[in-house]
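Below, chains carry the letters A, B, ... as their sequence lines are ordered, and counting in each starts from 1.
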Protein chains: 2
Amino acid sequence: MLGVVRIFQPVHGYDVRRELLSWHLDGWMNTKTGSVYSALKILEKDRLITGTALAGEPGRPERTEYVVTAEGEKEFQKLLRTSWWQVKRPAEPLVPALSLMLFMSRGELKSALGARLKQLAAQRDELAFIRASIEDGATGADGDVPEHVREVIDFGDSRIKGELEWTRSFLKRLNEGTYSFADERNMDGHPRPPDTIDARRKSL
Amino acid sequence: MLGVVRIFQPVHGYDVRRELLSWHLDGWMNTKTGSVYSALKILEKDRLITGTALAGEPGRPERTEYVVTAEGEKEFQKLLRTSWWQVKRPAEPLVPALSLMLFMSRGELKSALGARLKQLAAQRDELAFIRASIEDGATGADGDVPEHVREVIDFGDSRIKGELEWTRSFLKRLNEGTYSFADERNMDGHPRPPDTIDARRKSL
DNA sequence: CGAATTATAGGCAAATTTGACTATCGACGT
DNA sequence: ACGTCGATAGTCAAATTTGCCTATAATTCG
C-alpha cells in the first residue's frame, strides 16, 4: 500500500510490515509478508516511489529505503479520495456458506450460530482491549499508535455488531422452523413442525 | 466454489457463472469470469469433481460438464462446516483509507461521508428490491431463486446498517472538531476549535 | 559461556486471479 | 438477405499473491 510508505517514508519493507501490525490493520487487510516486497517493487516500477540501497552499517548491507515521488504523491491523493468517495462492498466469507445452508442440519446450524455469537463477542472484547491501549491525544510522532486508529477499531466493531444482530435474528427464525433442511425433507416438501412435537413422537 | 457444483450438478462453467449471478452472490464474492474455469480445473485435478466433454449437439462441441465425486462430497461437507463454525474477518476496503484519513481535509472528509451515507442507503434500497423479487416458499426446484437466499440479503443488510451507524457517529465526531487534520496543523499541534469560531474569524 | 529463540531483512517458485480476448448461434430489425 | 447485438462457452498470457525459505544480529536463559 502506497499510503503506508507515504506516512513513514523513508521506509524499507520490514518497516511497512511492522507498522501494519502495530496499527492492527492486519486483521482487516489481507497483507501477507511476501506481498509487501512485491508491492514495493511494483510501485517502484511504476515510478511512484524510488528506492535507495543502503549499505552503511556493519553487517546489514541488504536494505532498500523507499520514498514517494511527486507522481506518487499525486496518485496517492487520487487513490485516497476515491476510496473515501466510493463505497466498495467487501467479500463476505460467510456468504458462500450461507447460500449452502440447506446442506447442513438444522441442529448443527443452530449450534454453529451459537458458537459464532461467542466468537463475535470475544472479538469485540479484543477490540475494546486494543482500543484502550491507544493513548489519548497520541499523534504517532513517537513510536505510538495515533489516536485516529480508534476509528478503525470502531468501524470494525460496528460491522461486528451488525453481524451479531443478524445472527440472533437468524437463530430465532431457525427456532421457529423456517426453511426445510436436507435432513427434514418429506413427501410434501414442507418443513417439519417444531421440536416439541418431534420430541413427543420420539417418546412413543 | 465446490458448493455451486454440488447444488447444480451436472454443470459446466457457464452455468456456474449464471447461477452465481442469479442468486446475486457476485456482490459479496469476488468471482470474475475467468476464475470460474480455473477453479473447476483445480477441483478436477484434486479429484473432487470429474468432467465429461460433451460434443453431442450441432455447433457446440466445446463444453465440459462436471459432477462431484465421493471424495468431493466429503470435502464439501468439511469446508461447509468449517465456514459455519469459524468466524473469519473479511478484508474491509475502507480500512486503508481510514488509516490515512488525516491526509484529507476535514471538509472533504465530511462531504465524502455524506456521499457514503447516500450510497449505503441506495444499496439498502436495492437489496430490498431484490429481496422482494424472491417468491415465498420458492425451493429453487424450477429456475427460481430459493427462499433462503433472503438470508444472504438480510446478512448483507445488517452489515450495511452497522456501517451506517458508524458513519453517522464518525461524522458527529468530525463536526465536534475531533482530530487534527493535515490542513489544520498549527504550532501547538492541537486541533482547531470547531467551526463556529472559524466562521467568526473568517468574517473579520 | 553457549544454545536457543526472537527480531531484522528480504527472496522466490508455485499457485491463483485478472481481464481481455475468441468463436458460434439465434434473434432482431431493415 | 445482411449486419448487429446479446447470449452462450470457454481460453490464455500477464499480473498478483501465497507460503515458505535464507541469513544475520540481538536477546534470553539455564
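For A:Tyr37 and D:dT22, the OH to C1' distance is 12 Å, given to the nearest whole Å.
Considering only residues two or more places apart in sequence or on other chains, B:Leu100 meets the side-chain contact (heavy atoms from CB on, under 4.5 Å) condition with A:Met1, A:Ile7, A:Phe76, A:Leu80, B:Phe103. Residues satisfying the side-chain contact (heavy atoms from CB on, under 4.5 Å) criterion with B:Ala122, sequence neighbours excluded, are absent altogether. Remark: A:Glu92 engages A:Arg159, B:Arg159 in a salt bridge (charged side-chain N to carboxylate O under 4.0 Å, His left out) (not counting sequence neighbours). Annotation: salt bridge (charged side-chain N to carboxylate O under 4.0 Å, His left out) contacts of A:Arg18 (sequence neighbours excluded): A:Asp15. Here A:Ala112 pairs with B:Trp84, B:Trp85 under the side-chain contact (heavy atoms from CB on, under 4.5 Å) rule; sequence neighbours left out. Partners of A:Ser105 under the side-chain contact (heavy atoms from CB on, under 4.5 Å) rule, at least two apart in sequence or in another chain, are A:Glu108, A:Asp183.
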Report each atom pair, protein N/O against N/O of nucleotides 17-21 of chain D, whose distance is under 3.5 angstrom.
{"unit_1": "D:dC20", "atom_1": "N4", "unit_2": "A:Thr33", "atom_2": "OG1", "d": "3.4"}

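Within the structure, every pair that satisfies the salt bridge (Lys or Arg N to Asp or Glu O under 4.0 Å) test and touches residues 4-14 of chain A, not counting sequence neighbours, is listed here: A:Arg6-A:Glu73. A salt bridge (Lys or Arg N to Asp or Glu O under 4.0 Å) check over residues 116-132 of chain A, counting only residues at least two apart or in different chains, returns the pairs A:Arg116-A:Glu163, A:Arg124-A:Asp157, A:Arg131-A:Asp154. Screening residues 21-43 of chain B for salt bridge (Lys or Arg N to Asp or Glu O under 4.0 Å), with sequence neighbours left out, gives no hits.
One end of the helix from C:dC1-D:dG30 to C:dT30-D:dA1 points its axis 20° away from the other end's axis, with each axis taken from 5 pairs and the angle rounded to 10°.
Taking every heavy atom of residues 88-99 of chain B and every atom of DNA chain D, no pair lies under 4.0 Å.
At a threshold of 4.5 Å between non-hydrogen side-chain atoms, the residues A:Phe170 and A:Glu165 do not count as touching.
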